[in-house]
Number of protein chains: 2
Amino acid sequence: MTFENQPLRSLNGFRMTGRDVPDTGSVTLVSPSAIGAINRGRVLQALYDNGPTSRADLARMAGVNRTTVTGIVQPMIKEKLLVEGKAGRPAAQGGKPARPLYFNPDAPMLGAVLLLPGSIQTCLVSLTGEISAHRRAVFDPNGDVDAFVATMKETLGKTLSEAKQPPFGIGVAAGGMIDSDNGVIVAVNLAPVLSGLPLVGILRDHFGLQVVIDHHPRALLVGDRWFGPGRGQQNFAAIYTGEVLGGAFYMDGKVYRGLAGSGGELGHTIVQIDGLRCNCGKRGCWETLGTLSWLRAQAAEAGIDDPLDIDCARLVRLAREGSEAAMDLLDRYARNIAIGIANLQQTLSLNAYILHGDAATGGTMIADLVRRHVEDFVMMRPNQEISILVNGKGEGHTALRGAAGLVVSDHLKLVI
Amino acid sequence: MTFENQPLRSLNGFRMTGRDVPDTGSVTLVSPSAIGAINRGRVLQALYDNGPTSRADLARMAGVNRTTVTGIVQPMIKEKLLVEGKAGRPAAQGGKPARPLYFNPDAPMLGAVLLLPGSIQTCLVSLTGEISAHRRAVFDPNGDVDAFVATMKETLGKTLSEAKQPPFGIGVAAGGMIDSDNGVIVAVNLAPVLSGLPLVGILRDHFGLQVVIDHHPRALLVGDRWFGPGRGQQNFAAIYTGEVLGGAFYMDGKVYRGLAGSGGELGHTIVQIDGLRCNCGKRGCWETLGTLSWLRAQAAEAGIDDPLDIDCARLVRLAREGSEAAMDLLDRYARNIAIGIANLQQTLSLNAYILHGDAATGGTMIADLVRRHVEDFVMMRPNQEISILVNGKGEGHTALRGAAGLVVSDHLKLVI
DNA sequence: GCAGTATGTTTGTATCTCGCACAAACTTAT
DNA sequence: ATAAGTTTGTGCGAGATACAAACATACTGC
């Protein structure tokens with residue numbers, strides 16, 4: 001099944017909310033007809049956040065009349081986007097039992113792509129977060145653009161062809177510098193072939209589906225928000241550690257993108273003026289202290305076995321087995337990761353941070369160490385609590401679900 | 001004239017938008033009647049941002065029908081909030097000349113309070129930003145709460161009594177840690193008498209007016225946004241330097257407050273791990289490098305005359321007069337200020353920064369130096385430009401207008 | 001079987017924007 | 001001077017939406 005020239009479908013209603021909103025200089029008035037799409041989006045988000053929920057509960061949560069919720073969900077049930085579950089137990093005082101609503105498992109799915117230097121992963125993601133039709137491919141990071149595009153089209157095409165019905169859209173998570181507004185990959189240090197590639201336009205034209213692209217940490221954030229530990233949260237950040245350091249923020253119920261999607265390049269905030277030389281050419285970037293390269297160099301100095309193969313998971317194992325050198329290094333690693341989080345906390349006060357990548361393999365042990373150092377580094381307010389969580393689902397998993405979540409987020413324009 | 005038990009008036013319509021919106025857990029649906037208040041607010045903001053504007057122009061900017069704008073502004077004209085200006089020149093092709101709308105100079109004003117350790121300033125601010133009925137008073141930072149409250153009531157009462165009609169509300173800008181959600185001063189290091197004081201409740205009950213409080217840098221930000229160089233901008237930060245360092249952000253057309261108004265405590269982000277000891281007890285805070293204390297210590301070392309009286313303005317004068325030591329110190333001062341701005345830029349990518357306080361006294365010279373260092377410290381994108389502006393209006397001026405702007409912002413709940 | 005209670009639906013109402021038609025006011029061409 | 005063209009600002013009905021009131025439904029407890 002292919003989807004060339006399909007009419008664009010929409011998740012939250014019966015009207016496309018694509019690129020049709022010209023930014024006319026900061027003022028935009030709201031029309032009564034726009035209310036429908038907005039409220040449909042909010043109801044869907046409430047369902048995501050809370051799981052199966054009855055109309056009456058939704059109405060209570062939103063502070064609106066039950067009739068309003070009925071009016072919103074009825075067309076969605078008719079469209080087979082939502083299904084009514086079995087009547088639950090009524091309350092102790094009696095009453096008609098509530099019938100919970102949730103997403104139809106047979107509803108259209110979302111296409112997801114994870115694009116890292118040299119590797120492509122594609123899959124389908126259901127509205128409830130299940131992954132299927134997963135495929136991998138490789139490409140030459142220094143090779144030919146046309147060859148890359150052909151590989152991409154073929155791999156994604158095979159994945160999409162396994163869908164029973166046209167997906168709602170395609171989400172792409174990519175490493176490197178992304179201009180998400182214009183759907184262009186600006187530059188990828190380790191894959192020059194991708195630089196300047198208008199991937200969104202290419203895929204949209206080829207598959208006839210809505211396509212959204214964003215950079216990798218932001219996909220992790222969205223994956224956390226829709227399907228992971230960030231579900232239902234209004235303020236948190238996702239932090240990626242590994243060979244590089246990156247991050248993305250969810251603030252006041254909204255993904256922060258900055259101008260042209262350029263916010264969140266945390267790895268190159270400076271935590272040590274005139275410190276170690278960084279790959280970016282500057283000195284003292286957070287990335288010089290919180291990445292695997294630092295960890296491995298330090299492991300060698302500390303005399304830990306196979307220092308080039310060390311990662312957070314093994315370091316935690318060694319520490320648990322009683323190695324003092326490992327414990328010491330782990331603590332210093334945690335401190336280095338904490339410094340950037342602390343600065344972010346001091347700046348935005350999000351209070352919740354989800355670790356991905358290498359640090360996440362260290363589980364609750366590293367999370368606890370990081371939290372303690374963060375609390376040392378920031379000025380805490382009374383009654384304030386900072387939580388550090390790990391999402392150890394494995395990279396591809398969360399990023400792909402996040403890429404799918406990008407499509408969902410794009411449909412549900414929750415902010416006017 | 002006193003205003004006890006006046007009915008609360010509203011700027012953007014005919015319904016109070018005070019504390020009546022319960023946060024029912026992230027979901028809130030929009031009602032058609034809510035649209036009215038929202039759109040009224042947006043039209044008012046467009047008028048603020050663009051100055052006197054005709055209905056037709058407003059409609060074009062907002063992308064709506066002219067009749068819609070008429071429907072919105074007509075009641076405001078009737079209420080004497082807006083006035084119709086003289087008909088301007090028609091377009092070259094002819095046509096009926098447009099009649100620009102703007103705020104009525106005789107509309108109610110805003111009360112503003114600037115509260116710093118030991119000093120109170122109060123004034124009235126018109127909707128167009130003019131200050132009048134300015135008063136000052138002092139209080140003992142370690143004294144008695146009741147004495148402080150009495151002084152505050154008396155000073156503010158005198159200012160308010162000069163208004164011809166009840167103001168829309170009172171805005172308070174305060175140094176220290178503020179819980180703007182609950183209207184409480186959490187703690188002020190240099191004025192223990194204020195700690196824990198529920199000032200909003202006290203003033204609201206006494207004067208019968210809506211009262212809003214926020215911390216000092218955020219008032220500067222709002223002052224910039226409504227009446228200063230940030231007018232019409234959608235993304236920028238205000239940076240205050242002096243004895244302390246602080247900042248506040250305007251992101252996507254909205255003041256960022258963080259949880260309970262705790263965002264933006266930039267002075268204590270760490271730019272030098274294990275660096276100089278800071279007043280807060282930690283090491284390497286930005287505040288150890290970007291404040292007057294640092295500047296004065298360095299001035300002494302550099303052999304500059306009267307090092308304890310040095311400030312940015314004098315340093316710039318000395319540098320202009322040819323002092324190499326002054327020029328060198330100025331550049332290092334600019335670099336230290338730049339480091340925190342660079343980290344903020346790397347994190348949020350706001351691209352525009354307005355300096356206040358000591359640095360602002362250095363004018364365009366320091367602004368240029370800071371900009372150059374910021375550009376060295378961050379990874380620039382293609383076509384990206386960073387601007388550093390100074391608002392040299394003098395502290396009280398911008399902060400007081402910002403305090404007034406807080407009231408305006410609070411009325412115009414532009415985000416649903 | 002009946003009262004009590006909670007859920008979900010139907011019907012009519014209020015609010016708001018939009019498109020259309022039109023008067024008013026001004027410029028340009030004949 | 002007159003007519004045509006253009007732009008502004010204003011009534012009026014249509015369409016979309018949430019809300020309140022009333023009602024049918026389904027369960028508990030006596």
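Just so we're on the same page: letters track the sequence lines, and every chain starts at 1.
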Does [N] have OP1 or OP2 sitting under 4.0 Å from an N or O in the side chain of [X]?
X     : N      : answer
A:R60 : C:dT7  : yes
B:T70 : D:dT10 : yes
B:N65 : C:dG19 : yes

From [atom1] of [X] over to [atom2] of [N], roughly how many Å is that when rounded to an integer?
X     : N      : atom1 : atom2 : value
B:I38 : C:dT15 : CD1   : P     : 16 Å
A:L58 : C:dT9  : CG    : C1'   : 16 Å
B:I72 : D:dG9  : CD1   : P     : 14 Å
A:R99 : C:dA6  : CZ    : P     : 18 Å
A:R55 : D:dA24 : CZ    : P     : 19 Å
A:I77 : C:dT9  : CD1   : C1'   : 12 Å
B:N39 : C:dC18 : CG    : C1'   : 13 Å
A:D57 : C:dA6  : CG    : C1'   : 11 Å

Exercise. Ignoring hydrogens and geometry, is there a side-chain-to-backbone donor-acceptor pair from A:N104 to A:L82 under 3.5 Å?
Worked result: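 Side chain of A:N104 to backbone of A:L82: no pair is present.
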Exercise. Distance-only, no hydrogens or angles: does the B:T128 side chain make a donor-acceptor pair with backbone N or O of B:S126 under 3.5 Å?
Worked result: no
Mind checking if [X] touches a base, just sugar-phosphate, or nothing, with heavy atoms under 4.0 Å?
X     : value
B:T67 : base
A:V69 : nothing
A:S31 : sugar-phosphate

Problem set entry | Interatomic distance, B:T53 atom OG1 to B:L58 atom CG [nearest 0.5 angstrom] | 5.0 Å
Problem set entry | Distance-only donor-acceptor test, B:R66 side-chain atoms vs D:dG9 base atoms, 3.5 Å |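 Side chain to base: pair found, below 3.5 Å.
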For this session: Fit a plane to each ring of B:F103 and B:Y48, take the angle between them on a 0 to 90° scale, and name the class: parallel (under 30°), tilted (30 to 60°) or perpendicular (over 60°).
Result: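 The arrangement is tilted - the two ring planes meet at 30° to 60°.
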For this session: Check each of B:R225, B:Q233, B:Q234 against B:D49 using the side chain to side chain donor-acceptor pair (under 3.5 Å) test, and report the only one that passes.
Result: B:R225
Exercise. Nearest nucleotide by nearest heavy atom, which residue falls closer to the 5' end of DNA chain C, A:V73 or B:I35?
Worked result: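 Looking at the nearest nucleotide for each, A:V73 comes out on the 5' side.
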